Every structure is written in structure tokens, then in C-alpha cells.
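Structure first, commentary second.
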Amino acid sequence: MLILASKSKSRQDLLDAAGVEFKCVSAGIDEEAVKKEMRIAGQDSRKTSLQLATEKAMAVSKKYPKAFVIGADQILDLKGEWFSKPTDLNAAHKHLKKLRNKTHLLVNGTAVVKNGSLVWFDNSVVKVKMRDFSDNFLDDYLAEAGEDVCNSVGAYYMEDLGAQLVQSFEGDYFSILGLPLLPLLECLRTCGELKK
């Protein structure tokens, strides 16, 4: 049995498209509290994303000890400023104005846990350069994209209309969407969850 400890539609769509059978169970951890603790401890966004991913997987593993549980987290890091999901479209507007014409990092932590033990982890970083879009474009984008953008740390989805905000990126495309899919699939094959 395989469980994704995430409500992220992008992550679910990635696994679905790859033909992976899984169940979705929300971890229900206080992500902001974990981020605050990690900041106080002087940890960077890489260590924090991996800590969050591991805590999510561990929380679900307690309820489903026989399952392999995938935990994942993504932090948008703009020169040390960490972005959380915007609370509404006004917050999304502010996020995107800050990101405009700048390069930010999408920092991903992914962990696979079984019976409370860490089986595998991955920590990937993608550099994303936003283009210098106009205020009018931004207003039109948010009007068309709608409230769904509030489910993404960057207020954009690369697999959707948000691609028009981006000038270029360096790194793994799947990690932009929230999972390092190819290494994860290899892990699942090694664990016996997928055919070799």
C-alpha cells in the first residue's frame, strides 16, 4: 500500500499520470510552527523542507504502519525570505509583485517512510526566473487563474497559466510541480511498490 501524505493536486496529478496507485491522507501537521522552529534553530530552506516532508510522512505512518508513505514539502525561497501559500488573491498579488523580474528557489523535500522509519529522501532545488510582466498582465492572470493560485507557495502553477509568468528555470521540471518524480519512481521500484 502506498500513501501520499499531501492534499496537493499537483502531486496527486503527477503520480496519477505516472500510473502509480496510491491513497491520499492529509498529515495535518502545523507547517508554520515547524518553519518557525527551524528558523529559530538557524536552519535553511533545504533542511526545513526535508524536515516538513519527513514529519508529514511520519505522522501518517503512525496510522498506517504497513504502508509506504510519501511526504513532500516545497518552500519558495527569495533570497532568504520564505513564502507560504497566499491566504487570498490580494496576498497572491503581493507575492507575485515581489517575485516579478527576480530569481527565486523552489526548495523541495521528499521523504518515504514505512513503519516510522525513513526509507528514502530527496532534497532538490529549482531556480525559477520570473519575467518582468506588467501590472495589467498580473491583474488579468489572477482574474483568470482565480483562487486556485492560493494553493501554491508561488501563486502560480507551471503546468497551467502560471507558465506565462516565468522566463526560465534551471533544474528538474517535476520538482517545480512538487515531487522529484523520476528518483521517487526508482525508490518505489526498489521498495517493491512498482514493477521493475
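The structure presented is a predicted model; accordingly, all values stated were derived computationally and were not measured. Throughout, residue positions are numbered sequentially from 1 according to the sequence presented.
- Contact check for V166 versus I176: no side-chain heavy atoms found under the 4.5 Å cut-off.
- With sequence neighbours excluded, the residues that form a salt bridge (Lys or Arg N to Asp or Glu O under 4.0 Å) with E32 are K35.
- Residues L184 and D122 have side chains not in contact (no heavy-atom distance under 4.5 Å, counting atoms from C-beta outward).
- Side-chain contact between Q74 and V107: absent, with no pair of heavy atoms (C-beta onward) separated by less than 4.5 Å.
- A pairwise comparison of heavy atoms in V60 and A5 identifies CG2-CB, 3.6 Å as the closest pair.
- Residues M1 and L188 do not share a hydrophobic cluster, clusters being chains of Ile/Leu/Val/Met/Phe/Trp/Tyr side chains in contact below 4.5 Å.
- Applying the salt bridge (Lys or Arg N to Asp or Glu O under 4.0 Å) test to every pair with at least one member in residues 39-53, sequence neighbours left out, gives no pairs at all.
- Counting only residues at least two apart or in different chains, salt bridge (Lys or Arg N to Asp or Glu O under 4.0 Å) contacts with residues 55-66 comprise E31-K56, K56-D73.
- Residues L105 and K127 meet the side-chain proximity criterion, which asks for heavy atoms closer than 4.5 Å.
- Taking 4.5 Å as the limit, some side-chain heavy atom of L179 sits within range of a side-chain heavy atom of T110.
- Residues C24 and S6 approach most closely at SG-O, 3.1 Å, considering heavy atoms.
- R100 is linked by a salt bridge (Lys or Arg N to Asp or Glu O under 4.0 Å) to D135, counting only residues two or more places apart in sequence or in another chain.
- Between M158 and L177, the closest side-chain pair of non-hydrogen atoms falls below 4.5 Å.
- L194 CG to E21 CD: the interatomic distance, rounded to the nearest 0.5 Å, is 9.5 Å.
- Cation-pi geometry between R131 and F137 is satisfied (NZ or CZ under 6.0 Å from the ring centre, within 45° of the ring normal).
- For D13, the salt bridge (Lys or Arg N to Asp or Glu O under 4.0 Å) partners are K9, not counting sequence neighbours.
- Taking the side chain as every heavy atom from C-beta outward, I29 and L52 approach each other to under 4.5 Å.
- Judged as a side chain to side chain donor-acceptor pair (under 3.5 Å), not a single pair has a partner in residues 111-120 (not counting sequence neighbours).
- Between the side chain of S61 and the backbone N or O of G116 there is at least one donor-acceptor pair closer than 3.5 Å.
- Contacts classified as side chain to side chain donor-acceptor pair (under 3.5 Å) and involving residues 142-158 (residues at least two apart or in different chains) are given here: H104-Y156.
- Sorted by first and then second residue, the pairs that involve residues 171-192 and meet salt bridge (Lys or Arg N to Asp or Glu O under 4.0 Å), not counting sequence neighbours, are E186-R189.
- When all heavy atoms of G146 and L89 are compared, the pair lying nearest together is O-CD2, 3.5 Å.
- Each ring-ring contact (aromatic ring centres under 6.0 Å, His included) pair with one or both residues in residues 75-103, not counting sequence neighbours, appears once here: F83-H95.
- Linking Ile, Leu, Val, Met, Phe, Trp and Tyr residues whenever their side-chain heavy atoms come within less than 4.5 Å places L138 and V128 in a single cluster.
- The one candidate from L15, I3, V20 that meets the side-chain contact (heavy atoms from CB on, under 4.5 Å) condition with I70 is L15.
- Pairs of residues two or more places apart, or lying in two chains, never qualify as ring-ring contact (aromatic ring centres under 6.0 Å, His included) while including a residue from residues 164-193.
- With side-chain heavy atoms closer than 4.5 Å counting as contact, directly or through intermediates, the hydrophobic cluster containing F121 also holds L50, M58, V113, L118.
- Judged purely by atom type and a 3.5 angstrom limit, N123 uses its side chain to pair as donor or acceptor with the backbone of N108.
- The heavy-atom pair separating L181 from A18 by the smallest distance is CD2-CB, 4.3 Å.
- K129 contributes a side-chain N or O that, together with a main-chain N or O of N101, makes up a donor-acceptor pair within less than 3.5 Å.
- Residues satisfying the salt bridge (Lys or Arg N to Asp or Glu O under 4.0 Å) test with E159, not counting sequence neighbours, are none.
- The minimum heavy-atom distance linking A57 with A111 is given by the pair CB-O, 4.1 Å.
- The two residues S49 and I75 come nearest to each other via the heavy atoms N-CD1, 3.7 Å.
- Rounded to the nearest 0.5 Å, atoms OG (S134) and CG (D140) are 7.5 Å apart.
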